[in-house]
2 protein chains.
Amino acid sequence: MAINSLMEDFSSLDTSSLVDKVEAKLVQLLKDQKLNVGDSIPKELELAERLGVSRTVIREALLRLRVMGLIESKKKKGAVITSPDIFGIISKSVNPHILDQATLKEMFELRLMLEIGMADFIFQRITPADIKELKQIVSKEPDATQDYLFNIEHEIAFHGKLYEITGNETLKKFQRMLLPVFDYVHHSGLLKKQVSIKRFVSHKGLVDIIESGSPEMFRNAMRNHLENHFSRLFE
Amino acid sequence: MAINSLMEDFSSLDTSSLVDKVEAKLVQLLKDQKLNVGDSIPKELELAERLGVSRTVIREALLRLRVMGLIESKKKKGAVITSPDIFGIISKSVNPHILDQATLKEMFELRLMLEIGMADFIFQRITPADIKELKQIVSKEPDATQDYLFNIEHEIAFHGKLYEITGNETLKKFQRMLLPVFDYVHHSGLLKKQVSIKRFVSHKGLVDIIESGSPEMFRNAMRNHLENHFSRLFE
DNA sequence: TTGTGCATTATGTATGACATAATAAAAATA
DNA sequence: TATTTTTATTATGTCATACATAATGCACAA
């Protein structure tokens with residue numbers, strides 16, 4: 001079925017340029033030959049000769065793989081296969097000013113889902129040191145009268161720590177990618193006006209639950225904690 | 001501050017190639033000039049002249065932007081700014097055979113988080129038609145004796161429908177990206193052996209809750225439904 | 001053995017040329 | 001005049017070649 005859809009793509013949409021085809025061929029090469037990270041691929045000239053295209057085309061195709069993080073090329077050693085840091089890469093291209101508003105709003109939603117869904121991982125992997133650190137962060141919690149930026153920083157510190165506790169690096173990168181988006185969406189006119197800022201479950205409340213509650217309790221508490229955001233999304 | 005960090009980058013790590021600099025300059029151009037989607041950017045030759053580099057370099061920089069989905073270039077009209085379909089793009093570079101195992105496992109975890117965290121969005125946006133469709137999918141639920149592939153297909157149909165109900169296109173793309181990863185992780189020796197396949201809350205159970213329950217109930221039920229996966233991650 | 005320097009090699013950059021496709025302008029026809 | 005066809009123009013896509021640059025390894029000398 002994978003092959004079929006591939007064929008379809010090729011037959012139906014033959015608007016593909018030469019570089020497109022070469023790119024596909026190279027990716028397939030990586031897949032087929034089961035090359036491992038660190039292995040090096042043929043030189044540009046060799047590829048050009050073997051595929052019967054100019055070096056320019058090869059270079060463009062390789063460049064694409066490089067941008068996608070599949071390879072890295074050094075001056076003499078040629079190109080070697082790397083394990084792509086996906087989110088690190090797209091972080092570069094996530095530009096709130098360029099992404100369309102619908103996508104931005106959706107990414108905002110994604111963050112809410114993740115923070116609620118991470119409960120089990122927090123409970124599974126948290127250490128006493130983590131709890132201590134959380135408590136320390138919470139102890140510095142600013143009251144509502146405090147200046148705005150400081151509040152933001154505190155939010156990031158607290159929630160960022162939660163992401164960290166999950167021990168999931170990919171998730172952490174995802175959060176870093178979402179941070180500017182979140183901030184942007186929060187302040188642009190994308191969401192409904194915030195009618196009343198109520199703090200339902202506080203950060204301290206969350207920590208208490210982490211310390212002596214259950215994942216289930218945490219999910220509900222976090223959902224409640226994020227109510228201000230949800231209420232701006234829904235009616 | 002943005003300028004400072006930029007300077008630092010340039011001074012500390014001047015391993016950046018010409019293309020790197022041009023790329024950064026172009027991205028900055030897009031940001032500064034607040035160009036909207038659909039606006040076209042200067043021609044390659046013009047850029048080459050203005051920045052004092054060869055067309056080769058300009059082309060490579062533009063190509064990077066293209067791979068990142070920031071621009072699209074047509075034969076005559078030049079390049080126009082587009083709203084990048086991030087996940088569509090990285091889907092292409094998500095290759096389970098190339099990603100390292102730690103990342104794969106983490107992406108597996110991400111999926112679990114999302115499916116639990118999506119509860120509120122499902123309840124907020126589901127329509128009677130959706131419920132009807134869900135019931136129809138469930139009615140065809142195969143029993144455990146049925147052939148394996150059919151079971152997989154059914155899983156994808158059901159959970160995919162849930163993603164769809166959230167109305168979040170970005171999430172949907174994210175799922176499509178995760179699908180091959182999920183399958184791969186599930187079958188490779190990455191996770192602990194599956195001791196006993198128990199179906200806790202069934203698909204039908206989930207539908208019942210969607211129809212007459214609450215987000216809170218759904219989260220717990222989904223967590224339970226995914227227990228087989230969780231148990232392979234945790235002890 | 002250690003270090004310096006040179007040769008080699010593969011990518012990075014520059015330049016010029018032509019192909020191709022999309023658009024606009026001009027010409028031809030009804 | 002209106003409409004279609006042809007032609008010209010333009011900007012990207014592809015090719016070819018030459019040279020710059022940096023990393024690697026080898027040879028030679030201290």
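Within every chain, numbering begins at 1; the chains are lettered A, B, ... in the order of the sequence lines, protein sequences first and strands thereafter. Computation of the quantities below employed the complete heavy-atom set of this structure, encompassing side-chain atoms and omitting hydrogens, waters and symmetry-equivalent molecules. The structure presented is a predicted model; accordingly, all values stated were derived computationally and were not measured.
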| What nucleotide, of C:dT8, C:dA22, C:dT15, holds the atom closest to the side chain of A:Lys76? | C:dT8
| note | Separation of C:dG12 atom C1' from A:Glu60 atom CD, nearest Å, is 15 Å
| task | Take atom CG of A:Leu45 and atom P of D:dT17, then tell me their distance rounded to the nearest Å. | result | 11 Å
| said: Expressed as a whole number of angstroms, how long is the span from B:Ile58:CD1 to D:dA11:P? | reply: 15 Å
| remark: Out of D:dT14, C:dG12, C:dT13, minimum distance to the side chain of A:Arg66 belongs to C:dG12
| message | Can you work out whether A:Val53 or B:Glu44 has the more 5'-proximal nearest nucleotide on DNA chain D? | response | B:Glu44
| task | Check the distance between D:dA23's P and A:Lys43's NZ and give it to me in whole angstrom. | result | 16 Å
| query | If you measure from CG on A:Leu47 to CG on A:Leu29, what distance do you get to the nearest 0.5 Å? | reply | 8.0 Å
| said: Can you tell me which nucleotide in C:dT13, D:dT14, D:dA22 comes closest to the side chain of A:Lys75? | reply: D:dA22
| query | Between A:Glu106 and B:Leu171, does a side-chain contact (heavy atoms from CB on, under 4.5 Å) hold up when you go through it step by step? | reply | CA-CA 7 Å; A:Glu106 291 184 348; B:Leu171 176 62; over 6 Å; no
| message | With a 4.0 Å cutoff (strictly under), does any side-chain N or O of A:Arg55 reach OP1 or OP2 of D:dA16? | response | no
| field | Side-chain ion pair, A:Glu169 and A:Lys172, N-O less than 4.0 Å | value | no
| note | With the side chain defined as heavy atoms from C-beta on, A:Arg59 is closest, among C:dA14, D:dG13, C:dG12, to C:dG12
| query | C:dA10 C1' sits how many Å from A:Glu46 CD, rounded? | reply | 12 Å
| field | Ring geometry between B:Phe121 and A:Phe234 (parallel below 30°, tilted from 30 to 60°, perpendicular above 60°) | value | perpendicular
| said: Base, sugar-phosphate or nothing for B:Lys77? Non-hydrogen atoms, less than 4.0 Å. | reply: nothing
| said: Against A:Lys105, only a single residue in A:Gln101, A:Glu109, A:Met107 fulfils side-chain contact (heavy atoms from CB on, under 4.5 Å); can you say which? | reply: A:Glu109
| said: If I take atom NZ in residue A:Lys74 and atom C1' in nucleotide D:dT21, what distance separates them, rounded to the nearest angstrom? | reply: 15 Å
| said: Please determine whether a side-chain nitrogen or oxygen atom of B:Thr56 lies at a distance below 4.0 Å from atom OP1 or OP2 of C:dT15. | reply: no
| remark: In whole angstroms, the gap separating P of C:dA14 from CD of B:Glu49 amounts to 14 Å
| said: If I take atom CD in residue B:Glu72 and atom P in nucleotide D:dG13, what distance separates them, rounded to the nearest angstrom? | reply: 11 Å
